[in-house]
Amino acid sequence: MPLDNLRTTLEGARAVLIARCASEKSSVFYQTALQGFDELLGNIDFYVTMVNITRNKFYANFMQNITRLAALQGKEDDTVCQDLAFYLIEELAVFIRECHLRFPNRATSPQAYAVMTFFENSGNWHAEDELLVTKHYYGFKQAVSA
């Protein structure tokens, strides 16, 4: 997907998250996913060219999830939206962590830090999990160091 299309889809999905964050039913998943979107949108060129997220094994799912989320604009399907926010946090955390480890001298933004902190401390993911996302997130450090 060309960079402009990625940006447009991200902005549409971000609008859904903003609407959800404004509601009284706002969840920490929406807020965290929104921080990840802000990080990615604010540094989209860097993530695509330097980190090369389009080659990441989670990128295809990420694109499906942001497209599905953007399609929920104006709809009240909170369960699907919250599930998508959860999946997007996983994918965003992987992209952000990869960036953080590949470019250790690059300053970590508050948004990036918030996503990684939530991923590591929320209790939803653990380093010893057998989930593909946790294996990738926690195992990437060894791959970069090798």
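Values reported hereafter were calculated over all heavy atoms of this structure, with side chains retained and with hydrogens, waters and symmetry mates removed.
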Taking distance alone, no hydrogens or angles, what donor-acceptor pairs closer than 3.5 Å link side-chain atoms of residues 110-119 to residues at least two apart or in another chain?
residue, atom, partner, partner atom, Å
Gln111, OE1, Ser109, OG, 3.4
Thr117, OG1, Tyr113, O, 2.8

Listing, residues 85-93 side-chain donor-acceptor contacts under 3.5 Å, not counting sequence neighbours, or none:
residue, atom, partner, partner atom, Å
Glu90, OE2, Trp125, NE1, 2.7
Glu91, OE1, Asn65, ND2, 3.4
Glu91, OE2, Asn65, ND2, 2.9

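Atom CZ of residue Phe29 and atom SG of residue Cys81 lie 12.0 Å apart, to the nearest 0.5 angstrom. To the nearest 0.5 angstrom, Phe46 atom CZ is 4.0 Å from Phe103 atom CZ. For the atom pair Thr9 OG1 and Gln64 CD, the distance stands at 12.5 Å (nearest 0.5 Å). Rounding to the nearest 0.5 Å gives a distance of 10.0 Å between CZ of Arg20 and OG of Ser27.
Under the salt bridge (charged side-chain N to carboxylate O under 4.0 Å, His left out) criterion, Glu130 pairs with Lys135, not counting sequence neighbours. With sequence neighbours excluded, the residues forming a side chain to side chain contact (heavy atoms under 4.5 Å, CB included) with Leu41 are Arg7, Leu10, Glu11, Arg14, listed by chain and number. A search for salt bridge (charged side-chain N to carboxylate O under 4.0 Å, His left out) contacts involving Arg68 returns nothing, not counting sequence neighbours. Remark: Asp129 pairs with no residue by the side-chain hydrogen bond (donor to acceptor under 3.5 Å, both in side chains) rule, at least two apart or across chains. Evaluation of the side-chain hydrogen bond (donor to acceptor under 3.5 Å, both in side chains) rule for Thr108 yields His100 as partners, not counting sequence neighbours. Residues that satisfy the side-chain hydrogen bond (donor to acceptor under 3.5 Å, both in side chains) test with Glu120, not counting sequence neighbours, are Tyr137. Listed by chain and number, the residues in a ring-ring contact (aromatic ring centres under 6.0 Å, His included) with Phe58 are His136 (sequence neighbours excluded). Residues meeting the side-chain hydrogen bond (donor to acceptor under 3.5 Å, both in side chains) test with Asp83, sequence neighbours left out: none.
Looking only at side-chain heavy atoms (C-beta outward), Met63 and Leu6 come within less than 4.5 Å of each other. Proximity of Phe62 to Leu40: side-chain heavy atoms (C-beta onward) are separated by under 4.5 Å at one or more points.
Residues Gly12 and Ala70 share a closest heavy-atom pair of C-CB, 3.8 Å.
Looking at Ile66, Leu69, Leu34 one by one, the single match for side-chain contact (heavy atoms from CB on, under 4.5 Å) with Val16 turns out to be Leu69.
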Notebook entry, point to check: Hey, mind stepping through Asn52 and Thr54 against side-chain hydrogen bond (donor to acceptor under 3.5 Å, both in side chains) and telling me if it holds?
Noted result: CA-CA 5 Å; Asn52 201 359; Thr54 59; 3.0 Å; yes
Margin query: Asn56 vs Glu98, test: side-chain contact (heavy atoms from CB on, under 4.5 Å). Steps then yes/no.
Written below: CA-CA 10 Å; Asn56 187 292; Glu98 182 174 343; 2.9 Å; yes
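Side-chain polar atoms of Arg106 and Asn43 form a donor-acceptor pair below 3.5 angstrom.
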